[in-house]
Amino acid sequence: MIKRLRRKFIATAMISVLAVLAIIISLINVVNYVNTTADADDIISVIADHEGKLPTTGDLFKSDETLYRTRYFTVVISENGDAISYLTNTSYIASVTAEDAEGFAEYLYSKNKTAGYYGNYRFGVAYSTVTFGPDSNTEAEMYIFLDRTDELDSFQSFLLASVLISVAGLIVVFVLVFFLSKLAVKPMADSYEKQKRFITDASHEIKTPLTIIDANTEVLEMTGGENEWTESIRNQVKRLTSMTEKLVFLSRMDENSDKEQNTDFSLSDAVTETAQPFKTPATTKGKTLEVNVEENVTFNGNESEIRQLVSVLLDNAIKYSDENGKIELTLRSAGKYKEITVKNTVADIEIGKHDELFERFYRSDKSHNSETGGHGIGLSIALAVVENHGGRISARSEDGKSLTITAVL
């Protein structure tokens with residue numbers, strides 16, 4: 001239990017740190033990208049305002065070298081989608097030919113793209129009128145391409161560096177949390193160990209007086225004969241003995257130290273053999289027990305604990321099902337998992353999940369009535385067995401008239 005708690009503590013801490021880092025890194029890089037794009041759009045806007053030329057002065061320039069560091073080219077597209085060759089300007093970039101530039105612009109025009117990125121080029125469109133002669137004017141679109149290779153490389157380098165630094169930081173945090181988590185859960189571990197030791201010691205201490213009471217009761221019956229008082233004493237002794245045994249079993253299960261006892265065994269046979277003795281008490285109480293077990297289902301685990309699981313679920317179903325109730329036990333393979341289901345009819349229950357039934361000493365009537373003979377520990381044992389095998393268990397009512405408990409191993 002403490003190991004599971006420590007693992008959950010580490011997982012929670014790491015998920016929290018990961019979420020915070022992801023948000024911070026995402027925001028920083030999004031802002032960086034937006035700023036890079038906004039700077040490019042500002043330059044394109046200035047070029048558009050000056051008819052495809054970059055001015056040598058203005059607020060756009062942070063230094064005299066800005067003009068020489070800015071590489072761009074422009075292409076004018078006519079209404080029919082063809083580039084007007086003599087208006088193509090590639091004099092401010094050396095890596096692109098006029099033919100390539102016109103091909104870029106014509107492709108984007110055909111796709112009706114007016115802004116965005118084309119490779120490493122940020123582009124925008126300016127609308128203007130082209131004059132071919134005294135009486136020949138036509139509407140045209142000027143595509144302005146701005147080379148952002150250096151800026152995008154810088155952005156990608158920053159993105160990669162921020163991710164790598166975050167991963168390294170995450171590893172460091174994991175190492176720290178891994179070692180410090182032991183100190184964090186130590187007070188709870190100490191308290192839990194004391195509680196577990198108390199349960200074990202108290203159980204052993206209780207067994208001695210119970211044995212004496214049972215022996216004295218037997219002597220009284222030998223000398224005075226059986227009566228309702230001695231019968232009541234015997235019933236309560238059996239009840240207390242059963243409860244202490246279950247508490248000790250739970251305490252041992254919480255230690256989670258029986259992995260070496262896991263073996264491959266026939267789950268089908270184990271479930272069938274465990275269910276067989278319950279048919280008689282079910283019939284005696286006017287209830288029916290139906291067993292549906294898929295054949296040749298094998299499982300690797302602690303066979304004794306799995307048999308205890310089936311026993312607990314059937315015992316609970318017989319005790320708490322309604323009068324003339326129906327109980328169904330099902331075993332089936334669900335992919336790589338094995339599913340054990342016990343469904344029983346009940347007089348009245350809320351529709352929905354009922355995982356509170358797995359709490360120790362839980363009673364649905366809150367009165368702790370012992371007429372059924374239970375202690376409120378059985379389903380806690382079922383939960384411990386399932387968790388010890390890395391599975392999950394749930395209780396649910398679909399119709400308010402039945403309860404289905406499903407253990408997935």
Side-chain angles (χ1 to χ4, degrees), residues 10-75 77 89-97 100-101 103-127 141-177:
I10 294 173
T12 302
M14 295 308 301
I15 291 173
S16 300
V17 172
L18 178 61
V20 171
L21 282 176
I23 293 172
I24 292 175
I25 296 303
S26 298
L27 288 176
I28 291 175
N29 284 280
V30 166
V31 170
N32 189 17
Y33 180 82
V34 170
N35 288 337
T36 300
T37 302
D39 289 342
D41 289 340
D42 288 343
I43 297 175
I44 291 174
S45 178
V46 171
I47 295 174
D49 291 341
H50 292 79
E51 299 180 353
K53 303 289 184 179
L54 188 65
T56 57
T57 60
D59 296 336
L60 175 68
F61 299 98
K62 297 179 181 178
S63 71
D64 294 337
E65 297 297 323
T66 302
L67 176 64
Y68 302 99
R69 292 201 305 265
T70 304
R71 297 180 299 278
Y72 69 96
F73 59 94
T74 61
V75 180
I77 301 293
N89 184 358
T90 59
S91 60
Y92 296 98
I93 192 167
S95 59
V96 177
T97 64
D100 289 339
F104 294 165
E106 289 174 351
Y107 171 78
L108 293 173
Y109 182 87
S110 67
K111 297 297 183 180
N112 200 28
K113 301 289 186 179
T114 59
Y117 276 99
Y118 187 80
N120 288 335
Y121 299 103
R122 180 71 180 175
F123 68 90
V125 174
Y127 299 91
E141 297 182 6
M142 178 187 289
Y143 273 82
I144 303 168
F145 293 84
L146 186 64
D147 188 352
R148 304 299 285 174
T149 301
D150 293 342
E151 289 76 10
L152 290 176
D153 286 346
S154 177
F155 167 76
Q156 291 173 358
S157 297
F158 181 83
L159 175 61
L160 179 61
S162 61
V163 171
L164 292 177
I165 291 173
S166 298
V167 171
L170 201 62
I171 294 173
V172 173
V173 171
F174 173 77
V175 173
L176 291 174
V177 171

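Residue numbers count from 1 along this sequence.
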Item to check | Pair T97, D100: side-chain N/O donor-acceptor within cut-off below 3.5 Å | outcome: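 Yes, D100 and T97 have a side-chain donor paired with an acceptor closer than 3.5 Å.
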Item to check | Candidate pair D39 and T36, rule side-chain contact (heavy atoms from CB on, under 4.5 Å), full reasoning | outcome: CA-CA 5 Å; D39 289 342; T36 300; 5.8 Å; no
Taking all heavy atoms of [X] and all of [Y], pick out the closest pair and write down the distance.
X	Y	value
G52	N89	O-ND2, 4.5 Å
L152	G119	CD1-O, 4.4 Å
K113	Y143	O-OH, 2.7 Å

Does the side chain of [X] reach to within under 4.5 Å of the side chain of [Y], using non-hydrogen atoms?
X	Y	answer
D150	R71	yes
R122	F145	no
L146	F123	no
M142	I144	yes

Checklist entry - Nearest 0.5 Å, what's the CG-CG distance between N35 and D42? => result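 Reported to 0.5 Å precision, the distance equals 10.5 Å.
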Item to check | Reported CD1-to-OG1 distance for the pair I44 and T74, which is rounded to 0.5 angstrom | outcome: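 Those atoms lie 11.5 Å apart.
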Item to check | Derivation and outcome, side-chain contact (heavy atoms from CB on, under 4.5 Å), residues Y72 and I93 | outcome: CA-CA 6 Å; Y72 69 96; I93 192 167; over 6 Å; no
Please table the atom pairs, donor to acceptor, closer than 3.5 Å between any side-chain atom in residues 15-30 and protein atoms at least two apart or in another chain.
{"unit_1": "S16", "atom_1": "OG", "unit_2": "T12", "atom_2": "O", "d": "2.8"}
{"unit_1": "S26", "atom_1": "OG", "unit_2": "A22", "atom_2": "O", "d": "2.6"}
{"unit_1": "N29", "atom_1": "ND2", "unit_2": "I25", "atom_2": "O", "d": "2.8"}
{"unit_1": "N29", "atom_1": "ND2", "unit_2": "S162", "atom_2": "OG", "d": "3.3"}

Checklist entry - Out of D153, T37, I43, N120, which residue meets the side chain to side chain contact (heavy atoms under 4.5 Å, CB included) rule with R148? => result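 That would be I43; it is the only one of D153, T37, I43, N120 passing the side chain to side chain contact (heavy atoms under 4.5 Å, CB included) with R148.
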Next on the checklist: Under the criterion side-chain contact (heavy atoms from CB on, under 4.5 Å), I'd like the reasoning laid out for V125 against Y127: C-alpha separation, chi angles, the key distance, then a yes or no.
Outcome noted: CA-CA 7 Å; V125 174; Y127 299 91; 3.9 Å; yes
Checklist entry - For Y118, does the OH atom have more than 12 heavy-atom neighbours from other residues, nucleotides or ligands under 6.0 Å away? => result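 Yes, the 6.0 Å shell around OH holds more than 12 heavy atoms from other groups.
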Checklist entry - Is the distance between the ring centroids of F155 and Y33 less than 6.0 Å? => result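 Aromatic pair counts; centres sit under 6.0 Å.
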Checklist entry - Which is it for V96 and Y121 under the side-chain contact (heavy atoms from CB on, under 4.5 Å) test, yes or no, and what are the steps along the way? => result CA-CA 11 Å; V96 177; Y121 299 103; 3.0 Å; yes
